[in-house]
Amino acid sequence: MRIRLEPRKAPSRLALYGAPIMAIALTMLAGMVLFTLMGFRGGAAVFEIFIEPLLEPQRWPDIAVKASPLVMIATGLAIGFRANVWNIGAEGQYIVGAVAGTGVALATYEIESAWILPLMLLASLLGGAVWAAIPAILRVRLKVSEILTSLMLTYVALQLLYYLVRGPWRDPEGYNFPQTRMFSEAQTVPNLLEGTQLHWGVPLTFLVVLITWFVMSRTLLGYQVKVVGLAPMAARLGGFSENRTVLMTMLVSGALAGLAGMIECSATFGQLTPQFPVNYGFTAIIVAFLGRLHPVGVLIGGLALATSYIGADIAQTASALPQAATGLIQAMMLFFLLGVDIFVINRIRIAPCVPRLAS
Amino acid sequence: MNFDIAISIVMTLVVAATPILLAGLGELIAEKSGVLNLGVEGMMLVGAVAGFIAASLTGFTPFGYAVAALAGICASLLFGVLALTLGSNQVATGLALTIFGTGLSSLAGAGFVGTTITRLPALFPPTLAGHPLLRLVFGYDVIVYLSIALTFAATWFLNHTRLGLILRSVGESDASAHAIGYPVTTIRYGAVAFGGALAGLAGAYYSLAVTPMWADRITAGRGWIALALVVFSSWRPWRLLLGAYIFGAVMTLELYSKAAGFALLPPEMLAMLPYLATVAALAVIAMRPSRGRLDAPRCLGKPFRAGA
């Protein structure tokens, strides 16, 4: 008997949509084993991470708030990944978006106007797009891989943030803490539901998902992105410019990451602080894959990852599971997903061992 | 006095360059076989934490390095199973490995923050290693000499051995190599595992020699710089060494100007320098007319399946 993989004639839809669920199930199983081996209550911890947040309705708004930036960033990244554009520096664009928006906020300090917040959000879109434009232009002009350059710029963005909050932007009345002034009410993303963390960034993310879904599945532009990713040669023959696609997908993903950064900064922190970037830009990569690079899938994937964040907080108090376990759980999800994905285009064949001529 | 400082600066430069050179050499061999493993940073972190734990528990630092190399191999095999056996997307798998290594290392290392270990001593006797001038050549630990020896070895292996030729042919044209009868996947596994071992060592060099202590994310993105330097070197070991030493110089500049307190630039701007320099280096190397692309192994990053 030998087990081997055989290519399918057509990709299996069941495997395509079942793979993320399978990956989460396998992660839960592996997490249980791993945490038990490390001396924690493995079963309880996994239950707290994946199930408990869903059972407690008072945590649902928290899940939505947590999912919002992840979904917003991942929606943009997924567009690029479809076109084989690997922007992995979303974390940096997220930071620069918040920096640009905060710049507007600090410049309009003590001005009361309904235009300030929209202006801040616009600035964050531009900030994120500009930061993504650097690797995009290097790729288009010089064929430099955007993978490495976009990632390098994340470290630069982080230092830029540190410099600003320790230096020129430090709150003069802030007892020397490295952070900016608190945003005024006109500069804060308004709350949506009294008594919860829910803010207007959540429906905005939902809107972004809807628009992206429409553009990707119902317009020529979306078709162009998919063709460039799946069949670059056909795209060239069809007159679709690869360079323009690279530029566009990079700018869009950068802009969305920047917007997510500003919303998170304003709604959750109310000021720019060095604590505000927490690797959402990297987690969003997992969300994009878990969501099958489809806007609606990304929405579901984002909710799943957000649940694991909230759940990890529960497990931290209930089972003394360290914060770092979250990162491990997320990475395992991606690992298992990539492994299970093999069954989308292949099937397992168990065949008797017959000597083959061409080996 | 000034002379003494100059010597110290050069020595710091060499120490800063060594882990980048090691990790880069490992990745260079893997890429020559056609595999793009973006998990270097993750493998380095796994090696750094495993090496530190082993060294602090046994009190024997060489054992730490051995464990680090082994841990790096284990991490790289995780990548191998997914990317080589199951044929998953190499970019995504490498990223997953980096996220995994980051999480695993901070989880495993949490209990070891504040623990101290002893560094490896200089390889040569104190008369040479402590000599005011000769220490420039003889004042390092064995890992530094190992990294230079491996640069020699990698050049010789790739250009003058049969196995090196086969490895390159696998990276240039996997289908032809397979048709001739070479075990493409096995060779790639070997190259990836070698990359893992060196990344593990490189990571441990941070936790056991450069810093030496455990801190979360101790490698601070140096694995990505090593990846970029492989491109910068056009997949040639000696150019990789040159690149690593240039970066060692940039990082040393950051370190010394911070210590000396001269405020040419704010410290945050200095900390940006290695990353900005990497972007600049990648751009400059790409400007050479059509060379850069021709140097890359043809099958880099493409999954291979026999008979598919």
Side-chain angles (χ1 to χ4, degrees), chain A residues 4-7 34 38 81 84 86 88 134-135 138 141-145 147-149 151-164 166-167 279 282-283 285-286 289 321-342 345-346 356 358-359, chain B residues 36 38 41-42 78-79 81-83 85-89 91-111 181 216 220-221 224-225 227-228 231 266-279 282-287 292-293 305-308:
Chain A
R4 62 198 188 97
L5 290 167
E6 201 168 78
L34 190 72
M38 294 178 78
F81 292 171
N84 257 328
W86 298 97
I88 60 171
I134 304 169
L138 285 174
R141 281 291 160 100
L142 297 171
K143 300 231 177 290
V144 177
S145 157
I147 299 174
L148 293 171
T149 46
L151 188 100
M152 286 295 141
L153 288 173
T154 296
Y155 290 94
V156 177
L158 209 54
Q159 294 299 332
L160 178 71
L161 167 70
Y162 294 158
Y163 167 70
L164 288 172
R166 283 178 200 153
N279 287 336
F282 295 106
T283 309
I285 297 171
I286 305 177
F289 278 107
L321 198 69
Q323 187 80 57
T326 326
L328 204 58
I329 286 277
Q330 292 172 355
M332 283 201 288
M333 269 191 231
L334 185 50
F335 266 142
F336 282 121
L337 181 71
L338 292 167
V340 176
D341 255 355
I342 195 73
I345 50 164
N346 293 285
R356 286 183 301 157
S359 84
Chain B
L36 179 66
L38 292 182
E41 178 83 359
L78 216 56
F79 174 89
V81 168
L82 285 168
T85 302
L86 297 178
S88 66
N89 179 317
V91 173
T93 311
L95 278 173
L97 183 57
T98 290
I99 300 174
F100 180 77
T102 312
L104 185 69
S105 63
S106 68
L107 194 60
D216 233 17
W224 293 101
I225 291 186
L227 269 163
V231 180
E268 294 87 1
M269 300 284 174
L270 284 168
M272 284 179 195
L273 271 183
Y275 307 103
L276 282 176
T278 309
V279 175
L282 287 173
V284 167
I285 206 76
M287 274 185 225
R293 264 160 292 148
R305 173 80 65 62

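Reckoned from all heavy atoms, side chains included, excluding hydrogens, waters and symmetry mates.
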Look at [options] and state which one has the largest set of heavy-atom pairs under 4.5 Å with chain B.
options	result
A:F282, A:F81, A:Y155, A:W86	A:Y155
A:T283, A:N279, A:L321	A:N279
A:N346, A:L153, A:T154	A:N346
A:V144, A:L151, A:L138	A:L151
A:L337, A:I88, A:I285	A:I88

Item to complete: Kindly determine whether B:L38 and B:T98 satisfy side-chain contact (heavy atoms from CB on, under 4.5 Å), including the steps that lead there.
Response: CA-CA 7 Å; B:L38 292 182; B:T98 290; 5.6 Å; no

Residue part contacting chain B, namely of [X], when any heavy atom lies under 4.5 Å:
X	result
A:L160	both
A:F289	side chain
A:M333	neither

Item to complete: Calculate, to the nearest 0.5 Å, the distance between atoms OG1 and CH2 belonging to A:T149 and B:W224 respectively.
Response: 11.5 Å

Practice prompt. Mind checking the CD-CG spacing from A:Q159 to B:L276? Nearest 0.5 Å is all I need.
Written response: 10.0 Å

Worksheet entry | A:Y163 OH: over 12 foreign heavy atoms closer than 6.0 Å | no

Discussion item. Does the plane of the ring in B:F100 sit parallel, tilted or perpendicular to the ring in A:F335? Use 30° and 60° as the thresholds.
Written reply: perpendicular

Discussion item. Between A:D341 and B:S88, is there a side-chain heavy-atom distance shorter than 4.5 Å?
Written reply: no

Worksheet item: Among B:L273, B:N89, B:T85, who wins on heavy-atom pairs under 4.5 Å with chain A?
Response: B:N89

